[in-house]
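Beneath this line is the structure, given in structure tokens, with notes to follow.
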Amino acid sequence: MHRVNTVVDSPFGPLTLVAADGVLVGLYMDRQRHRPSEEVFGEPDAKPFGPVIEQLAEYFAGQRSEFDLQMAFFGTPFQRTVWEALREIPYGETVSYGEVAERIGRPTASRAVGLANGKNPISIIVPCHRVIGSTGNLTGYGGGLERKRNLLDFEQRNAAGAQSALAFEV
């Protein structure tokens with residue numbers, strides 16, 4: 001498996017993109033918990049990341065709320081199920097770990113969902129930041145709680161702006 005990487009700037013700090021055989025397999029923030037060692041990222045090469053970089057730029061400009069990218073997940077079957085479920089959380093909204101557990105048919109697995117969520121290899125695009133504690137509190141986030149709050153605030157502002165724009169057009 002041939003891996004390559006590139007680093008792009010974002011409002012939330014530098015993001016390392018990783019592809020395996022041309023498919024996105026990682027998006028890591030600097031100082032992210034569970035970030036693999038640099039050796040597994042492969043050689044620097046920005047070529048396979050054109051659509052990823054374009055869609056991230058649209059997201060950060062407030063022009064994109066969903067990503068349409070080819071991705072591959074490397075993890076246990078349970079982790080992959082959780083990561084796929086994360087992709088279903090609407091932009092600008094949050095759900096609890098327990099709600100994710102319910103959605104995947106494992107209602108007693110909220111702690112396991114939390115562990116899988118924390119090991120999500122494709123941050124932002126697979127929105128693990130949208131998962132919060134059952135009390136509404138922000139809980140652990142691999143990129144740090146301040147980044148989690150900033151991402152949620154960013155999405156909620158943009159979602160609210162989109163709603164008011166739609167209401168104005170009617």
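Everything quoted here is computed from the prediction, not taken from an experiment.
Partners of Asn150 by side chain to side chain donor-acceptor pair (under 3.5 Å), not counting sequence neighbours: none found. In this view, Ser96 and Glu99 satisfy the side chain to side chain donor-acceptor pair (under 3.5 Å) rule, not counting sequence neighbours. Evaluation of the side chain to side chain donor-acceptor pair (under 3.5 Å) rule for Glu58 yields Arg64 as partners, not counting sequence neighbours. Qualifying salt bridge (charged side-chain N to carboxylate O under 4.0 Å, His left out) partners for Glu102, counting only residues two or more places apart in sequence or in other chains: none. Among residues two or more places apart in sequence or in another chain, the side chain to side chain donor-acceptor pair (under 3.5 Å) test is passed with Ser37 by Glu39.
Sorted by first and then second residue, the ring pair (Phe, Tyr, Trp, His ring centres under 6.0 Å) pairs involving residues 66-90 (not counting sequence neighbours) are Tyr59-Phe67, Phe73-Trp83.
Side-chain N/O atoms of Arg106 and Thr81 include no donor and acceptor closer than 3.5 Å.
Between the side chain of Arg130 and the main chain of Leu86, no donor-acceptor pair closer than 3.5 Å is present. Looking only at distances, a side-chain donor or acceptor of Asn120 sits under 3.5 Å from a matching main-chain atom of Val126. Under the 3.5 Å distance criterion, the side-chain polar atoms of Arg80 are matched with a main-chain donor or acceptor of Gly75. Side-chain atoms of Asp21 come within 3.5 Å of backbone N or O of His2 as a donor-acceptor pair.
In this structure, CD1 on Ile124 lies 4.0 Å from CE on Met29, to the nearest 0.5 angstrom.
Around the CD atom of Gln63, the shell of radius 6.0 Å holds more than 12 heavy atoms that belong to other residues, nucleotides or ligands.
Just one of Glu155, Arg149, Arg147, Lys148 meets the side chain to side chain donor-acceptor pair (under 3.5 Å) condition when paired with His129; it is Glu155.
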